[in-house]
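What follows is one structure encoded as structure tokens, with my remarks underneath.
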Amino acid sequence: MASEKKTTVLEASEVSVGYSSKKKAIAIAEAISFSIAEGELVALVGSNGIGKSTLLRTLAKMQPELKGTVSLKGKNINEYTMLQLATEVSIVLTEAPASQNLTVLELVTLGRQPHTNWMGSLSEEDISIIQNALLVTNTETLAQRKCFELSDGQLQRVYIARALAQDTPLILLDEPTTHLDLYHRASVLKLLKKLTKETKKTILFSTHEIDLAIQLADKILVMTPEIAYFDTPKNLIEAKRFEVLFPEDTIQFDPKTGRFTVKN
Amino acid sequence: MHTQPTYRGFFILLLLLLAGAFLINVSLGSVSIPFSEVISGLTGNGTTKASWQYILIEYRLPKAITAMLAGGGLAVSGLLMQTLFRNPLAGPFVLGLSSGASLGVAFLILGAGFFGGVMGGFLTNEWSLVIAAALGSFLVLLAVLAVTFKIKDTMAILIIGLMFGSVTAAVVAVLSYFSNAEQLQQYIFWSFGSLGNQSWQGVFILSVCCFIGFGFSYVSSKSLNALLLGENYAKSMGLHIKKTTFLLIIATSILAGSITAFAGPIAFVGLAVPHVTRQFFKTSNHFVLIPAVLLSGSLLLLICDTIAQLPFSEYTLPINAITSLVGAPIVIWLLVRKRKLLF
């Protein structure tokens, strides 16, 4: 199977995520281990409240891990400064940018911040990276529009363009398909697939689109209350991992189609 | 090829308007001085009457400069607050900064009764008013910020700012009750806001404070731009949130504090000017917005001051009343026209 040895980009071993207060640490998800290689598209699935966002935030060092180690390119993320990390990992969050008054071009340009000087002045290279980010995400016609004028589908592409402008080997996305119709969900995920194939970027995204993830992702991280499974979609289906994802009283997983169906 | 506009035309226009408003401001006053005399007085060629020269150099010029510094400074601090709190309603007044400064000054002027003669000599020093006002606004801002770290809801922060305002008013009321008529009058006159009666030394101190504030603001432009995306995105792009927040708070309290100390609490400029400026400078880039807001604020307060001194009459209205009379309709008009305030 694995004929060529790929470099590992992101690795987690026995990581627990959650929130710690002065008194105690409240773990939301525990014992998460996985290893993502360069150019892989990895989906993160699990029911609401299982800790997908918390895990992504922990991987981006936006909150500390409770246990275990997260390493990026073989180095513990805690050894990176935030600025160094900003050139390695970019993130697309579920929250909208605080300012709706930004133009698309301004928003995407902000992605260059970790690479520019205190004045934020753009070099030829910066401009061509921004241009490329707009082009790849098919948002160049929106460049002068303000964020509040855009539809959810357009906005999502713009957020991805910003992450691309940050030009990091690893991109984390938190539910990039929420609020989108089926067509736009599929096209966002296809865009991610294209990015991993053509630009060798490594992408980890959380999603509720399990059927789309099964079709498009190279690997899937399935989070359940007890443990997280990490494997290829095919192996996960064979091991019946999706069956335990949700309580079985309402929906069930059909291994043949890779979809959930409503129980009668 | 997409490039970001530089708005050079708007900047030139603003500078021209500012120069025009400046000349009109210094030409008008209770004593009528012919325009040609004003020009020759300002350029150092002397005027035909010695008193005119004195009025120009010792009264009108410092007042016009104070108006420009105060207007620009308040507007910039409003812009910083709007971005820092990511709330279009934020401004030095709404967040209680001006109330904090008032409290500092109230303690200094009215509290002198409590502390006896020790404060007497201290009071006459112009720096002491500035320090008291800056400390007051700094403390309120710290309190607002402490709440911000606990509560994520920006609406709550504004309400807390308003609460600080009423607490301040209450404390000032208690202080006034125990102070004598002379101190009370001194405080009341300060609270009307006045750009006049500034010595050149005062203008110098104010300029030093304002330029430190402008400097801090301008070098924070890149961080301010990142903050437009929200704290989490800013962090993910390597921004040091705590350092940035601290720098912005220092800049704002120096600006709002020193201006309030010299000119009294001036309402609405901080809230209204950034919004008006955004109507013309359709950008969120703080490298453009900060100078634009600075110039617009200067222009607005200069015009307000020209109105306040009621040309050709001996009366001077409180500047605070004029800015509210001009500022409130602008904010209402913007809301009605745009149906929402964006920042």
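Any value given below was found using the heavy atoms of this structure, including those in side chains, with hydrogens, waters and symmetry copies removed. A, B, ... follow the sequence lines: proteins, then strands. Residue 1 opens every chain.
The local environment of CD in A/Gln63 is crowded, with over 12 non-hydrogen atoms from other residues, nucleotides or ligands closer than 6.0 Å. In A/Lys67, the NZ atom is not crowded: 12 or fewer heavy atoms of neighbouring residues, nucleotides or ligands sit closer than 6.0 Å. The environment of A/Glu124 atom CD is sparse: at most 12 non-hydrogen atoms of other residues, nucleotides or ligands sit within 6.0 angstrom.
The ring-ring contact (aromatic ring centres under 6.0 Å, His included) search around B/Tyr218 returns B/Phe287, not counting sequence neighbours. In this view, B/Tyr7 and B/Phe281 satisfy the ring-ring contact (aromatic ring centres under 6.0 Å, His included) rule, not counting sequence neighbours.
Rounded to the nearest 0.5 angstrom, A/Leu85 CG and B/Ser236 OG are separated by 9.0 Å. Taking CG of B/Asn285 as the reference point, atom OG1 of A/Thr109 lies at 9.0 Å (rounded to 0.5 Å). One finds the OG1 atom of A/Thr103 at 12.5 Å from the NZ atom of B/Lys282 (value rounded to the nearest 0.5 Å). For the atom pair CD of B/Glu231 and CE of A/Met62, the computed distance is 9.0 Å after rounding to the nearest 0.5 Å.
Listed here is the closest heavy atom pair of B/Ser284 and A/Leu102: CB-CD2, 3.5 Å. Summarising the geometry of B/Thr283 relative to A/Glu106, their closest heavy-atom pair is OG1-OE2, 2.5 Å, with the distance given to 0.1 Å.
In this structure, the side chain of A/Gln166 does not engage the main chain of B/Met237 through any donor-acceptor pair within 3.5 Å. A/Gln113 places no side-chain N or O within 3.5 Å of a backbone atom of B/Asn225 that could act as its donor or acceptor partner. In this structure a side-chain-to-backbone donor-acceptor pair under 3.5 Å is missing from B/Tyr233 to A/Gly111.
A/Lys61 does not touch chain B: none of its heavy atoms, backbone or side chain, sits under 4.5 Å away. Both the backbone and the side chain of A/Glu95 come within less than 4.5 Å of a heavy atom of chain B. Using a 4.5 Å cut-off between heavy atoms, B/Leu239 makes no contact with chain A at all.
With a 4.5 Å cut-off on side-chain heavy atoms, B/Lys235 and A/Met82 count as touching. Taking the side chain as every heavy atom from C-beta outward, B/Lys222 and A/Asn117 never approach each other to under 4.5 Å. Contact annotation: the side chain of A/Arg162 approaches that of B/Leu229 to within less than 4.5 Å [non-hydrogen atoms, C-beta and beyond].
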